[in-house]
Amino acid sequence: MTRYPRDMAGYGANPPAANWPNGAKIAVQFVLNYEEGGENNILHGDAASEGFLSEITGAQPWPGQRHWNMETIYEYGSRAGFWRVHRMLKHIPVTVYGVATALARAPEQVAAMKAAGWEIASHGLKWIEHKDMSAEEERQQIREAIRLHTEVTGEPPRGWYTGRCSMNTVELAAEEGDFAYIADSYSDDLPYWTRAGEKDQLIVPYTMDCNDMRFAIQAGFTTGEDFETMLRDAFDVLYEEGEAGSPKILSIGLHCRLIGRPSRAATLKRALDYFQSHEGVWFATRLDIAEHWAREHPPVKTLRPSAMDRETFVAKFGGVFEHSPWIAEGAHGLELGTMHDTAIGVHSALARVFRSAPDEKRLDVLKAHPDLAGKLAAAKRLTAESTAEQASAGLDALTDEERASFTELNDAYTAKFGFPFIIAVRDNTKASIMEAFRRRIDQDRETEFAEACRQVERIAELRLREMFSA
């Protein structure tokens, strides 16, 4: 049994209604990353200088050395950039991703954040890579980040974003912190719940596209207009979706040392003015969004076929293809994941097994289906699914003349093809079934075998849709 751990399905074609406060068409969420003083530096006990997200093209860590240029670029963020952004956004709800050691070195900035009413979420203990840490080392870093954050700000963080994370980060953060949300994801425009260990954890995804970090990478922004265009285009698309009844989040990532430069700050002001010129815009912190989502869409237990053991899976889905549990047995052995935890997902797995089976086994499936309005129906020996399906088209209440016609066609069809006439009854009426019967009986066997198999798959799909909607 193989299980695929990534969630490739999400909300699919029908995302839930966000129901933002006051009927807002869009939630605009600014994040200000405060990392200055928490970056790699041998002064901080690190092995090398920082090499990430600066004005220095192609910067590399300097093992065992301080890097004057790198240090002063980061210092610009705390000394000047922060204050420029603070003056611009102090009347707007903002979430700060605060590196704990950086916050500890920034008492004036922390006081200004709190005076503005900004949310201060945790950005980890230090602004360093976590991918090569053991789980236990990263756990200790998370614990210390929470402790120091609480000591510096006066309260524990309600949100978490590591950024340079590992495959263990989300589960460890969920275990160690009482977080209203974790933001280490880029997989959606809306919050979503995930299972992290034994806990339902809300994820409020972050962004890499509407993020000023692209000023510091080669394939990124060159001028402020590049960033402004990106922000306005994202806003316009999401605003239009919100007007159509599907509101989302515009998440914007900022860094003191990047957007705080005067050459870039103007574009932030223009973008903010543009957002504020529209009605129905909810400016919110990530905590605001998380608490709203938890109220509107608390975690619910859903049918999770990919998590079922073989016995449970076969018991649940073994009758979807009529009297053919071997199909469910084969499907359970496929690589299943959350993308299979829907009617369409289970149907895909079952249909793959059916389609790949030799003709002899598929013929057995066809033969397992009852005649329409035949002897089994009269004797009330159909499965519950078949009984309900035939009744949906009125085949349980035929006149004597109609029953005679069905019997005659059933006998002729079976004699010609060697299997009963099969049609997805729920897609049809009594009249359209009879029309299809008369048309298909004149087809060659190869064509009709393929058509009967398609109808078997369609019947299975309709049965699954009913199971998942119950």
Side-chain angles (χ1 to χ4, degrees), residues 31-82 85 96-106 109 121-149 152 160-170 172-173 183-186 206-209 211-222 227 253-261 263-264:
V31 165
L32 180 62
N33 292 268
Y34 196 90
E35 300 155 351
E36 290 75 10
E39 78 278 14
N40 279 287
N41 191 314
I42 63 171
L43 292 176
H44 306 157
D46 302 307
S49 63
E50 185 57 70
F52 194 50
L53 292 189
S54 77
E55 307 284 354
I56 303 172
T57 302
Q60 296 295 318
W62 290 4
Q65 296 184 58
R66 293 175 63 187
H67 192 319
W68 181 264
N69 292 347
M70 183 65 71
E71 288 184 19
T72 56
I73 285 171
Y74 269 75
E75 286 162 18
Y76 184 91
S78 62
R79 292 162 59 108
F82 170 82
V85 176
V96 176
Y97 286 165
V99 174
T101 50
L103 295 177
R105 298 182 173 110
Q109 292 90 338
S122 182
H123 198 3
L125 181 64
K126 299 167 69 174
W127 177 228
I128 59 175
E129 288 286 1
H130 294 75
K131 64 183 179 64
D132 297 322
M133 288 185 185
S134 68
E136 190 53 39
E137 181 184 1
E138 187 173 3
R139 184 190 302 278
Q140 292 303 320
Q141 293 252 338
I142 291 170
R143 287 178 178 173
E144 178 59 15
I146 295 170
R147 186 203 67 77
L148 183 57
H149 184 108
V152 170
W160 180 273
Y161 175 74
T162 294
R164 298 159 82 172
C165 62
S166 75
M167 292 303 296
N168 299 314
T169 297
V170 171
L172 290 173
D184 278 299
S185 172
Y186 312 95
Y206 189 41
T207 179
M208 288 290 192
D209 63 332
N211 193 313
D212 68 358
M213 56 86 69
R214 297 179 66 84
F215 284 113
I217 61 175
Q218 280 190 316
F221 305 132
T222 302
F227 190 32
L254 306 172
H255 296 75
C256 302
R257 63 193 176 278
L258 297 176
I259 201 66
R261 290 280 177 178
S263 58
R264 302 179 184 123

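For clarity, every value in this text was computed on a predicted model and none was experimentally measured. When reading the values below, keep in mind they use all heavy atoms of this one structure, side chains included, and skip hydrogens, waters and symmetry mates. The chain is numbered in sequence order, starting from 1.
Every salt bridge (Lys or Arg N to Asp or Glu O under 4.0 Å) that Glu144 has, sequence neighbours left out, goes to Arg147. Not a single side chain to side chain donor-acceptor pair (under 3.5 Å) links Arg261 to another residue, sequence neighbours left out. Under the rule for a ring pair (Phe, Tyr, Trp, His ring centres under 6.0 Å), the partners of Tyr34 that lie at least two apart in sequence or sit in another chain are Phe82. Legend: residues meeting salt bridge (Lys or Arg N to Asp or Glu O under 4.0 Å) with Arg143, ordered by chain and number and at least two apart, are Glu176. With sequence neighbours excluded, the residues satisfying salt bridge (Lys or Arg N to Asp or Glu O under 4.0 Å) with Arg66 are Glu71. Taking Glu39 as the reference, nothing meets the salt bridge (Lys or Arg N to Asp or Glu O under 4.0 Å) condition, with sequence neighbours excluded.
Side-chain contact check for Ile128 versus Met133: some heavy-atom pair is nearer than 4.5 Å. Annotation: side chain of Cys256 is in contact with side chain of Leu32 (closest heavy-atom distance under 4.5 Å). At a threshold of 4.5 Å between non-hydrogen side-chain atoms, the residues Phe227 and Ile259 count as touching.
Under a cut-off of 6.0 angstrom, the local environment of CZ in Arg79 is sparse, with at most 12 non-hydrogen atoms contributed by other residues, nucleotides or ligands.
Of the candidates Glu137, Glu138, Glu136, Glu136 is the only one forming a side-chain hydrogen bond (donor to acceptor under 3.5 Å, both in side chains) with Gln140. Screening Trp160, Tyr206, Trp127 against Tyr97 for a ring pair (Phe, Tyr, Trp, His ring centres under 6.0 Å) leaves a single residue, Tyr206.
Under a 3.5 Å cut-off, the side chain of Asp212 and the backbone N or O of Leu258 do not form any donor-acceptor pair. In this structure a side-chain-to-backbone donor-acceptor pair under 3.5 Å is present from Gln109 to Ser78. Between the side chain of Asp184 and the backbone N or O of Thr162, at least one donor-acceptor pair lies under 3.5 Å.
With values rounded to the nearest 0.5 angstrom, Cys165 atom SG is found 12.0 Å from Lys131 atom NZ. Atoms NE2 and CD, from His130 and Gln141 in turn, are 5.0 Å apart once rounded to the nearest 0.5 Å. Distance CG/Leu125 to CD1/Ile146: 10.5 Å, rounded to 0.5 Å. Taken to the nearest 0.5 Å, the NE2 atom of His123 stands 12.5 Å off from the NE2 atom of His149. Atom CZ of Arg139 and atom CG of Asn168 lie 9.0 Å apart (nearest 0.5 Å).
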Step-by-step side chain to side chain contact (heavy atoms under 4.5 Å, CB included) determination, Asn211 to His255:
CA-CA 9 Å; Asn211 193 313; His255 296 75; 3.3 Å; yes
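Residues Ala145 and Ser122 approach most closely at CB-OG, 4.2 Å, considering heavy atoms.
Between Arg257 and Glu35 there is a salt bridge, since a side-chain N of the basic residue sits under 4.0 Å from a carboxylate O of the acidic one.
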